[in-house]
Structure formats: C-alpha cells, structure tokens
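Reminder, nothing fancy here: chain letters follow the sequence lines and each chain counts from 1.
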Amino acid sequence: MTIRVYNTLTRQKEALEPLIPGKIKMYVCGPTVYDSCHIGHARSVVVFDVIYRYLRARGYDVFYVRNFTDVDDKIINRANTLAMSPEAVAKKYIKEFRQDMAVLNMCSPDLEPLATAHISHIIRIVRILEEKGFAYHRDGDVFFSVEKWPEYGKLSGRKLEDMEAGARVEVDQRKENPFDFVLWKASKPGEPAWDSPWGKGRPGWHIECSAMSAKYLGETFDIHGGGKDLIFPHHENEIAQSEAAFGKPFVRYWIHNGFININHEKMSKSLGNFLMINDIVNTWHPEALRLFLFSNHYRSPLDYTEQAMHEAASGLDKIYGPLLRIEEHIGKWPPEFEKYGPDNNGGVLWNRFCEAMDDDFNTARGIGILFEAVRILNRAIDEKGLSGVMRDSLETSRIADLLKTGNVLGIMAETPHRYFEKRKEAVLESGGIDRDWIEEKIRERAEARKTKDFARADAIRDELGQYNIVLEDRPEGTIWKHGDGKT
RNA sequence: GGCGGCAUAGCCAAGUGGUAAGGCAGAGGCCUGCAAAGCCUUUAUUCCCCGGUUCGAAUCCGGGUGCCGCCUCCA
C-alpha cells in the first residue's frame, strides 16, 4: 500500500515517494513566539503530529524539524508592550508552547531550531542570492526580487500581474516590485541586531526556514507543512529563496492544514474570539480535543463549538469504556498480547485504519473504523465475557490493533483507570465533596434497595446527580462516574 | 478584480462511477426494582438546483444558486 498525500504545489493527491526510500525528512513551520498558543496552533501541530506518528508506524525513518521564529516585528512589539526584552518574550512563549504541547500529548520533533541560532546560515544564503542577482539592497535592507524568479507564484497559483498590489498595505517605495520581500532588515536602535555585510540588522521572516531546512534536511527534502495561511506569502517566498539560491527543487510535498472557526465565525483579533489551548484543556480532556481535531479532514475548515467538544468527550469515554473493563479484568495496563495471540501487528482493524490514513491522512474515516471496532469489542465482551475475550486470539489482536490506532492518533495514552479517575477528581473538586461522602451515600442507597425502599434509593441517586455523579449498578456492586465530558 | 474551497439525515462527518461508513442526538427492544453503561433494531429511495455523459453518478462534464477562505500579520 502506498500513502497518498495532497500536494498543494500540484493540487492533487500523489503517491508519497521519499527522496531516499524509507526515510522522510519533514519540516513544519512552528510558531512565532510572541503570544500564547490558540486552538489554531493546536490544530496545525496536531495534524503534523499525527502525520509524523503515522509515517513512523508505517515503518518510515522520519526526521522531523519544527522551528521557533524567535526574532520578528511582532515579538519586538510585544516586548515593548510588556516592557521586556525581545529575547525574554521569546523565551517565555517557547516555554509556554512546550507546556501546551506536552499537555496535548504531542511528540517532540527531532529538532526545534531557533532562527536566532542560525544567523550565519541566513546571511550566507542572502549573500548567495545577492551574488546571483536575485536580491538587491537599499539602506541596510535586502530585498528578494520576485521578477527575477520566473516561477514566483507557482505554489499559491497566482500571477504577479493578477495580484492587487498594495490593496491594503502601503507599498515600500524602495521596492522594485511591490511583491519583493525582505530578506534582511536593518535594525533600529534597541532592536535585536547582528553584524552583516549590509550593516547591523536581523533576518526577514521567510529566510530562516530556508536556512534551517537546508542545514538540517538538505537543499531538497520531502515534506514541508504548515497552516493554509502560510501558502502565501511565506511558503511561496521560501520556495523562491531556496530554489534561487541552491538551484534545485526545494520541497517534494507541500501539506497545509485548514483553519478553525469558533461558533461559525473566523477567529480574529477584532472579534476577540481567540480560543487558547490552555482554556480548552482546563475544561476538556486534552485527548477529547485531539479527537475533535481529527473529526474531519485536516484540509477542511473545522468549527469549534461547545456541542462538538461534548461529542468528542463522549466519544472518548466510549473508547475508554471497554479498555477500563479489560484493565480491571487483567489487573494491569497495558495488556501483554504476546501471551494471548500470535497476530498482534496487522489485524483487519489495523489494515482498514491504514487504508483510511493512506488516503491523505483521512483521520475522520479512521475514527469511524475505530468506533466500529469499539462496538465489536463491547459486543464480544457482552457475549463471551472478559475471560472469553482475552482467551481468543482474534479478539486480543483486535485490542492490540485498537491500541495501535490510538498510538497513531495520540489518544488512549492514559491507563483507563487513571483516565476516569481524573474526571472523578474534577467532580469532587467542583462539588466540594469527598469520596467517603459519596461512598457513604452509595452504602445508604444499597441499604434502601435491599429493603426495597426504591423511593429513598432514587432520591440518593438524584442527590448525587446534582454533583454531576452518575451511578452504575454492576453485578459486583455499584460504582460512580463523572456525568459529562468536562474535566 | 484575481485565485481557491465547500454544499451528504436534526447536528457533526466519511464516501471520486456500482447502488449512502462512523459519531452525537431521537425512537423501540434486551438488561435493570427503575436507571446508567453496553448490545440489538431503527432514523437520507437519496447526496443544493437544472441539464448532460453512462447500462449505472453523491461521485464525471456544463450551467446556476448559496456559503466560506486567500490575495495584508495570522495556524
């Protein structure tokens, strides 16, 4: 089976054929560290996280680089507002970003280079561009001349003459063409500055990615990704710079993820509806957020709503449900499948999941298959009992497959007991109650049930319901759970 | 003005030529004192509209309508 990916450059799905068979070199544009991360960042990072995980699961040796843009106008502005140095601002938000990523169960890239640590590489490329005649300088600024690069516009599918130059921004009169972009920027006093052939200055936004990707992945590499908004101008400019400088194709497959809307509205500063990762994971389980993000295709727009998160959270409970039953049955987690069955890599479930993922990382389809598998597993448990299931190699291989898909999606990473326990703790905290009190209520209810005082029993259940507690009467006794998807 | 995307049940969503996955919500059933959880059944004669190609189209082609994104910093 070959993996097919939608390539923004060719506007079609193509078979993924890495430059070096079996190896994939992937570069994803990371954040400009001037503020906290919002759900849009989360989507982008999660999308490439699952691509990374899937490619590895399919046996590729993946080298994954994601940069931090740690020098930029936005950072300088932010530093002025906060009365901090730009370096301190960058450091603060890099730390925050890493925390957010850890909470969201994100794999770390193999490398997370900083723009400011690669100034000499950047300068070297700007000089090459200047020597080759693709760049010109004006008072300490160096610009890339888009007219010298005939293929300019090939990624975003636009022609220079079709674009409304300066429609919304004032054009710098020193530019030869309004779409010329800055490679190197003269620093004003007090701004971060490095010595360069053109005087004290700092890199333009796009050049760092050309420099760092070339250094770590080579002048041609396999996958380059980011949000859709980066197609123009950022990635268009990267292509121009890199291909002009190195004289060879830059990237084989361009992958771009779609945007997130909040309650059917675009996220924007003016609407003030930016949703931060931190706000979401304070309310919902991080894996519920991941599940939500995978609920439709990565290139489509995705609408964040309270209801959608509820559904994702319910779905996650549904997935963890049978896992908890298995954990309780075998008394540990994760199960060791070698003991139960020979075939634990590549059952029907895993193969169907791969089929979905092979088709341009179709996680929505993959999740459909996963839920089907959960239902089949629940049914098997109902019919054969847990010991019956765990003795059946067909069933255990399905469980192994289920955990494998979870590993690709970055969910089911908690032990089931712990997953539900966390949610129960949240119930205790928000209700200001403790376990003993609940257990006492459950005992009282058991007494009432014994004497067939069902009115009393139901009253106790209703009372607990007020604290978002749900009771389940099981053969082995009554247990309590959290009532809704929030944590 | 230029470029691109989308339109599938109450909601979310997969499906790119062979007769509509999956989730949430709803209805009925099994189980239960009643519930909850789980399971079973059920919920689109039909995929925005109109034409066309085809034995056959949600899927391809032409036209229309509606919504959205980008062209400016933005994931």
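In this structure, a donor-acceptor pair under 3.5 Å is present between the side chains of D70(A) and T116(A).
Shown for residues 72-79 of chain A: residues whose heavy atoms fall under 4.0 angstrom of RNA chain B, namely K74(A). For the segment residues 35-44 of chain A, residues with any heavy atom less than 4.0 angstrom from an atom of RNA chain B are, sorted by number, H38(A), G40(A), H41(A), S44(A).
Atom pair R325(A):CZ and G38(B):C1' shows a separation of 6 Å (rounding to whole Å applied). The CG-P distance, from L293(A) to A75(B), rounds to 16 Å in whole Å. Between the CD1 atom of I326(A) and the C1' atom of G38(B) there is a distance of 13 Å, given to the nearest Å. One atom, CH2 of W205(A), and another, C1' of C74(B), lie 8 Å apart when rounded to the nearest Å. Nucleotide A14(B) holds its P atom 15 Å from the CZ atom of F353(A), rounded to whole Å. Put simply, CG on N257(A) is 14 Å from C1' on C70(B), counting in whole angstrom units. Nucleotide G69(B) holds its C1' atom 11 Å from the CG atom of D229(A), rounded to whole Å. A straight line from CG of D453(A) to C1' of G33(B) spans 12 Å, rounded to a whole angstrom.
An OP1 or OP2 oxygen of A37(B) is reached within less than 4.0 angstrom by no side-chain nitrogen or oxygen of N378(A). Proximity of N362(A) to the phosphate of A14(B): no side-chain N or O atom is located under 4.0 Å from OP1 or OP2. Under 4.0 angstrom from either OP1 or OP2 of C40(B) there lies at least one side-chain N or O belonging to R379(A).
Side-chain contact between D360(A) and K13(A): present, with at least one pair of heavy atoms (C-beta onward) separated by less than 4.5 Å.
Among residue pairs with one or both ends in residues 202-212 of chain A, those qualifying as salt bridge (charged side-chain N to carboxylate O under 4.0 Å, His left out) are D73(A)-R202(A), E191(A)-R202(A); sequence neighbours excluded. Among residues at least two apart or in separate chains, salt bridge (charged side-chain N to carboxylate O under 4.0 Å, His left out) pairs with a member in residues 319-328 of chain A are R325(A)-D382(A), E328(A)-R474(A).
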Shorter than 3.5 Å, N or O on both sides, protein versus nucleotides 26-29 of chain B: list them out with atom names.
none

Below 3.5 Å between N/O atoms, which protein atoms pair up with nucleotides 19-24 of chain B? Just atom names and distances, please.
residue : atom : partner : partner atom : Å
A21(B)  : O2'  : E372(A) : OE1          : 3.3
G23(B)  : N2   : E311(A) : OE1          : 3.1
C24(B)  : OP1  : K318(A) : NZ           : 3.4
C24(B)  : O2'  : E311(A) : OE2          : 3.4

